[in-house]
K.L.:
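Just passing along the structure, written as structure tokens.
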Amino acid sequence: MVLKRSLAVAGLLMTMALGAQAADKVLIGAFDVGPGGNPQKFNPLTASAGFTWYNKYFNTLALYDVNFERISGDLAQGWSVSPDGKAITFNLRKGVKWHDGKPFTSKDVKFTLDLVRNPDLGSVFAPRLDSVTGIATPDPQTVVLTLSEPNTPILDTLTNLMIVPEHQLSGISVKDLRNADWWRASPVGTGPFKWSKYEADQYVELVANPDYFRGRPKLDKLINRYYKDGGAAAIALQAGEIQFSYLTMDQVKESQKNGAFKVVSGASQVLNYLGFNNAEPRFKDVRVRQAMMMAIDRASIVKSLYGGQAVLGNCIYTQKQYVAGDLNPYAYNPAKARQLLAEAGWSSIKGEPLELLTYYGDQLSKDVVATLQAQLADVGVQVVPRFLDGPGFSRVVDSGRFTLVFAGGGNGPEPDTLAPLLDSAYAPPKGLNRMRVALPELDKLFDEGRQETQAAKRPEIYKNICRVTNAKLPWGPLWVSHRFGGIGNKVQNMVWTPAPGGGRYQDNAETWSIQ
């Protein structure tokens with residue numbers, strides 16, 4: 001009944017949109033379906049996903065190209081770094097306007113960065129700006145960041161931070177701003193589309209920004225339709241009721257013969273891993289973690305369940321330039337796994353079955369979890385799966401009351417992105433090191449990589465991080481899978497690529513159009 005109602009509403013929306021297309025060009029998509037979405041969470045400064053949609057009405061200082069190989073300007077035309085690496089000067093675009101017609105200036109950038117750094121906001125990006133000691137605005141088009149130490153990854157961080165208007169938000173306290181109605185009622189950005197309306201649990205409608213600095217969009221309206229069930233979005237895409245959605249591998253297989261849309265795929269840039277609670281006594285002996293890795297036939301899982309659409313990982317990194325050549329491959333070897341468990345005294349310390357938490361709820365992930373459960377049981381490690389939604393998962397792991405997770409960590413393109421997930425300084429409540437990893441050699445290497453300003457020297461530092469995580473196994477690395485999107489055949493010039501949290505790349509939404 002819920003699915004039918006959802007599709008009926010979607011059909012009504014589509015009918016309304018088609019009725020308006022004689023005058024308006026409207027594209028309806030499920031932009032928040034899938035792991036890159038952040039449905040009905042409208043504050044981008046506290047978000048860790050959903051950037052594909054946020055970028056439609058906000059802008060950042062900089063963005064990656066679609067291949068995630070190079071960072072270029074967005075609201076910033078360019079920047080320069082001082083010889084000692086402790087100052088970055090940004091030159092902002094001239095003539096940019098907020099959606100309410102007010103000019104965009106350096107004061108807005110300073111206001112935004114100060115917000116993110118304020119602990120009352122609770123931004124996940126605050127730890128990555130710890131090295132910022134000063135923000136100067138010598139003129140309306142110039143921002144100078146002063147750093148306590150070189151911070152090469154800070155440009156990557158800035159590709160995530162949507163710049164917000166000081167004149168609209170300065171009168172709201174930071175604590176109140178975190179969940180203020182402004183974000184969902186009348187947000188003002190600088191992006192290609194302007195906020196028009198929001199119907200809770202149904203959709204957000206944006207309209208073209210005629211004053212966008214790259215030119216007025218070809219579309220008149222862009223609608224983000226909400227679906228509680230990704231399967232419903234896939235059905236709507238097949239029926240032509242929407243023109244874009246994330247798709248699971250199962251949905252791609254089911255719709256291969258459908259002619260209503262084309263499938264776009266690419267590496268997810270997310271490493272799936274077994275997350276060990278490093279504060280859990282049963283995982284104290286590295287032989288237990290090694291045994292669990294050897295108990296899992298990763299190659300067969302990739303071949304049989306993922307259809308070959310995944311690549312094995314043997315450390316926290318999978319980008320070739322950061323992967324060392326002398327790693328333990330943890331090949332499937334259940335006999336060796338049993339031996340290691342016996343040497344670690346597993347039979348006397350195993351206690352109750354390990355609860356395996358995950359926020360992945362699609363059928364493929366359920367099949368993967370069932371296979372992990374069976375293969376671990378084969379060597380004497382009993383696990384009990386527990387499927388949670390994203391917020392529920394976060395609450396449990398933040399509390400520390402868990403043993404094991406099946407999760408994913410953004411794996412690119414900047415290797416320091418994983419530091420907040422593994423550096424001991426960022427254990428909850430300060431940061432996202434939810435697995436309570438505490439390896440001094442790892443902390444030191446992350447610091448070295450962050451402060452190294454010579455690009456040629458950074459890969460070897462991260463190869464050493466790869467070696468440490470391969471040997472010590474704070475995570476049990478599994479694989480990086482492909483992810484898929486469906487784009488309606490009537491859509492032209494739409495750019496989409498898989499990315500952790502979505503977005504962060506130039507998708508040129510102002511050039512999208514629909515026949």
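Because only heavy atoms are used, hydrogens play no part in the values below, and waters and symmetry mates are left out as well, while side chains stay in. Numbering of residues begins at 1 and proceeds along the displayed sequence.
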K.L.:
What's the shortest heavy-atom distance between Leu305 and Thr371, and which atoms?
P.N.:
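Where Leu305 meets Thr371 most closely, the heavy atoms are CD1-OG1, 3.6 Å.
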
K.L.:
When you compare the side chain of Ile154 with that of Arg128, does any pair of heavy atoms fall below 4.5 Å?
P.N.:
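Not touching, per the 4.5 Å side-chain cut-off.
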
K.L.:
Judged by modelled atom types alone, do Ser394 and Arg434 share a side-chain donor-acceptor pair under 3.5 Å?
P.N.:
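Looking only at side-chain atoms, Arg434 and Ser394 do form a donor-acceptor pair, the distance falling under 3.5 Å.
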
K.L.:
Between Asn508 and Glu510, is there a donor-acceptor pair closer than 3.5 Å when you use the side chain of the first and the backbone of the second?
P.N.:
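Side chain of Asn508 to backbone of Glu510: no pair is present.
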
K.L.:
Donor-acceptor pair, distance only, cut-off 3.5 Å: does the side chain of Glu452 make one with the backbone of Gln454?
P.N.:
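Answer holds: yes.
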
K.L.:
State, with a plain yes or no, whether a side-chain heavy atom of Trp512 is found less than 4.5 Å away from one of Pro217.
P.N.:
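Contact flag for Trp512/Pro217 side chains = no.
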
K.L.:
Check Pro44 against Met162 and note the closest heavy-atom contact, atom names and distance.
P.N.:
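Heavy atoms of Pro44 and Met162 come nearest at CB-CG, 3.5 Å.
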
K.L.:
Against Pro477, only a single residue in Asn411, Asn470, Thr318, Leu271 fulfils side chain to side chain contact (heavy atoms under 4.5 Å, CB included); can you say which?
P.N.:
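Running side chain to side chain contact (heavy atoms under 4.5 Å, CB included) over Asn411, Asn470, Thr318, Leu271 with Pro477 returns exactly one hit, Leu271.
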
K.L.:
Could you check Leu432 against Tyr426 for side chain to side chain contact (heavy atoms under 4.5 Å, CB included), going step by step and ending with a plain yes or no?
P.N.:
CA-CA 6 Å; Leu432 295 174; Tyr426 299 129; over 6 Å; no

K.L.:
In a check of ring pair (Phe, Tyr, Trp, His ring centres under 6.0 Å) between Phe42 and each of Tyr57, Trp195, Trp53, Phe58, which one passes?
P.N.:
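Result: among Tyr57, Trp195, Trp53, Phe58, Trp195 is the only option passing the ring pair (Phe, Tyr, Trp, His ring centres under 6.0 Å) with Phe42.
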
K.L.:
Is there a donor-acceptor contact under 3.5 Å from the side chain of Thr358 to the main chain of Phe406?
P.N.:
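Confirmed, Thr358 side chain pairs with Phe406 backbone.
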
K.L.:
Go through it in stages, so that I can follow the logic: the residues are Gln451 and Asp447, the test is side chain to side chain donor-acceptor pair (under 3.5 Å), and I'd like the CA-CA distance, side-chain angles, deciding distance and then a yes or no.
P.N.:
CA-CA 6 Å; Gln451 296 175 35; Asp447 287 341; 5.1 Å; no

K.L.:
Please check if any side-chain donor atom of Asn277 sits under 3.5 Å from a side-chain acceptor atom of Arg282, or the reverse.
P.N.:
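Judged by distance alone, the side chains do not pair up.
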
K.L.:
Among all residues two or more places apart in sequence or in another chain, which pass the side chain to side chain donor-acceptor pair (under 3.5 Å) test with Thr89?
P.N.:
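Checked Thr89 against side chain to side chain donor-acceptor pair (under 3.5 Å); zero matches.
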
K.L.:
Side chains of Tyr505 and Asn67 only: does a donor on one sit below 3.5 Å from an acceptor on the other?
P.N.:
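No.
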
K.L.:
If you measure only the distance, is there a donor-acceptor pair under 3.5 Å linking the side chains of Asp84 and Ser82?
P.N.:
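Distance-only check passes for Asp84 and Ser82.
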
K.L.:
Are Thr190 and Tyr212 side-chain neighbours, meaning at least one heavy-atom pair lies under 4.5 Å?
P.N.:
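No, too far: nothing below the 4.5 Å cut-off.
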
K.L.:
Is the cationic atom of Arg458 (NZ for Lys, CZ for Arg) positioned less than 6.0 Å from the six-membered ring centroid of Tyr462 and within 45 degrees of its normal?
P.N.:
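Not satisfied by the 6.0 Å and 45° rule.
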
K.L.:
Would the distance check show the side chain of Thr133 and the main-chain N or O of Thr146 forming a donor-acceptor pair, the cut-off being under 3.5 Å?
P.N.:
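Indeed, once roles are kept as given, a pair shorter than 3.5 Å links the two residues.
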
K.L.:
Test ring-ring contact (aromatic ring centres under 6.0 Å, His included) on Trp479 and Tyr306; report intermediate values, then the result.
P.N.:
CA-CA 10 Å; Trp479 46 71; Tyr306 287 92; 5.4 Å; yes

K.L.:
How far does OG1 of Thr52 sit from OH of Tyr54, to the nearest 0.5 angstrom?
P.N.:
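One gets 10.5 Å once the value is rounded to the nearest 0.5 Å.
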
K.L.:
Take atom NZ in Lys457; do more than 12 heavy atoms of anything else shown fall under 6.0 Å from it?
P.N.:
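Not more than 12 within 6.0 Å, no.
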
K.L.:
Are any non-hydrogen side-chain atoms of Gln309 and Ser481 less than 4.5 angstrom apart?
P.N.:
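They are not in contact (no side-chain heavy atoms under 4.5 Å apart), so the answer is no.
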
K.L.:
Quick one: do Asp32 and Asn38 satisfy side chain to side chain donor-acceptor pair (under 3.5 Å)? Show the steps, please.
P.N.:
CA-CA 6 Å; Asp32 277 315; Asn38 197 27; over 6 Å; no

K.L.:
Distance check, rounded to the nearest 0.5 Å: Leu478 atom CG versus Leu274 atom CG?
P.N.:
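So the gap between those two atoms works out to 5.0 Å.
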
K.L.:
What distance do Asp74 atom CG and Asn59 atom CG have between them, rounded to the nearest 0.5 Å?
P.N.:
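Rounded to the nearest 0.5 Å, the CG-CG separation comes to 4.5 Å.
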
K.L.:
Once you round to the nearest 0.5 Å, how far does CG of Asn160 lie from CG of Leu45?
P.N.:
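That separation rounds to 10.5 Å.
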
K.L.:
For a side chain to side chain contact (heavy atoms under 4.5 Å, CB included) check, start with the C-alpha distance between Leu357 and Val396, then their side-chain angles and the critical distance, and finish with the verdict.
P.N.:
CA-CA 9 Å; Leu357 302 179; Val396 174; 3.4 Å; yes

K.L.:
Students often mix this up, so state it plainly: with edges at 30° and 60°, are the rings of Phe125 and Phe51 parallel, tilted or perpendicular?
P.N.:
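Because their plane-to-plane angle lies in the 30° to 60° range, the rings of Phe125 and Phe51 count as tilted.
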
K.L.:
If only atom types and distance count, is the side chain of Arg504 paired as donor or acceptor with the main-chain N or O of Ala499 below 3.5 Å?
P.N.:
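No, Arg504 side chain to Ala499 backbone: no donor-acceptor pair under 3.5 Å.
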
K.L.:
Give a yes or no on whether a salt bridge exists between Asp507 and Lys56, defined as a side-chain N under 4.0 angstrom from a carboxylate O.
P.N.:
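Salt bridge present between Asp507 and Lys56.
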
K.L.:
Check whether Asp362 reaches the backbone of Ser365 with its side chain - one donor and one acceptor, N or O, closer than 3.5 Å.
P.N.:
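Confirmed, Asp362 side chain pairs with Ser365 backbone.
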
K.L.:
With rounding to the nearest 0.5 angstrom, report the CG to CG distance, Leu121 to Asp176.
P.N.:
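It is 11.5 Å, given to the nearest 0.5 Å.
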
K.L.:
Are the side chain of Arg93 and the backbone of Gln77 linked by a donor-acceptor contact shorter than 3.5 Å?
P.N.:
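Side chain of Arg93 to backbone of Gln77: no pair is present.
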
K.L.:
Restricting to non-hydrogen atoms, name the atom on Leu161 and the atom on Val116 that form the minimum distance, rounded to 0.1 Å.
P.N.:
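Answer, listing the atom of Leu161 first, then Val116: CD2-CG2, 4.2 Å.
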
K.L.:
Just by distance, do the side chain of Arg298 and the backbone of Gly313 share a donor-acceptor pair under 3.5 Å?
P.N.:
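Such a contact is found between Arg298 side chain and Gly313 backbone.
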
K.L.:
Check whether any side-chain heavy atom of Leu473 sits under 4.5 Å from a side-chain heavy atom of Tyr273, and report yes or no.
P.N.:
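In short, these two side chains do not touch, never coming nearer than 4.5 Å.
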
K.L.:
Search all heavy atoms of Pro498 against all heavy atoms of Phe68 and return the closest pair with its distance.
P.N.:
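So the minimum-distance heavy-atom pair works out to O-CE1, 4.2 Å.
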
K.L.:
With a 4.5 Å cut-off on side-chain heavy atoms, are Ile163 and Phe111 touching?
P.N.:
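No, their side chains stay 4.5 Å or more apart.
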
K.L.:
With a 3.5 Å distance limit and no angle check, can you tell me whether Asp416 reaches the backbone of Ala419 through a side-chain donor-acceptor pair?
P.N.:
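A pair under 3.5 Å: no.
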
K.L.:
So, Gln40 versus Tyr198: side-chain donor-acceptor pair below 3.5 Å or not?
P.N.:
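Yes.
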
K.L.:
Show your reasoning for whether side chain to side chain contact (heavy atoms under 4.5 Å, CB included) applies to Asn278 and Phe283.
P.N.:
CA-CA 7 Å; Asn278 284 248; Phe283 297 139; over 6 Å; no

K.L.:
Nearest 0.5 Å, what's the CG-CD distance between Asp443 and Glu441?
P.N.:
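Reported to 0.5 Å precision, the distance equals 8.5 Å.
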
K.L.:
Okay, side chain of Arg178, backbone of Gly122: is any donor-acceptor separation there less than 3.5 Å?
P.N.:
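Flag set: sc Arg178 to bb Gly122 pair under 3.5 Å.
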
K.L.:
For the residue pair Val96 and Phe213, establish whether any side-chain heavy-atom pair is separated by less than 4.5 Å.
P.N.:
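Yes, side chains in contact.
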
K.L.:
Which residue pairs pass the disulfide (SG to SG under 2.5 Å) test with at least one member in residues 405-468, sequence neighbours excluded?
P.N.:
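Disulfide (SG to SG under 2.5 Å) check on residues 405-468 returns Cys315-Cys466.
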
K.L.:
So which atom in Ala49 and which in Pro35 form the shortest heavy-atom distance, rounded to 0.1 Å?
P.N.:
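It is CB-O, 4.2 Å.
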
K.L.:
Which atom names give the shortest non-hydrogen contact between His482 and Ala310, and what distance separates them?
P.N.:
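For His482 and Ala310, the tightest heavy-atom pair comes out as ND1-N, 4.4 Å.
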
K.L.:
Would you please name every residue forming a salt bridge (Lys or Arg N to Asp or Glu O under 4.0 Å) with Lys110, sequence neighbours left out?
P.N.:
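Applying salt bridge (Lys or Arg N to Asp or Glu O under 4.0 Å) to Lys110 gives Asp114.
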
K.L.:
Does any part of the side chain of Met292, heavy atoms only, come nearer than 4.5 Å to the side chain of Val381, both counted from C-beta?
P.N.:
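Yes, at least one pair of side-chain atoms sits under 4.5 Å.
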
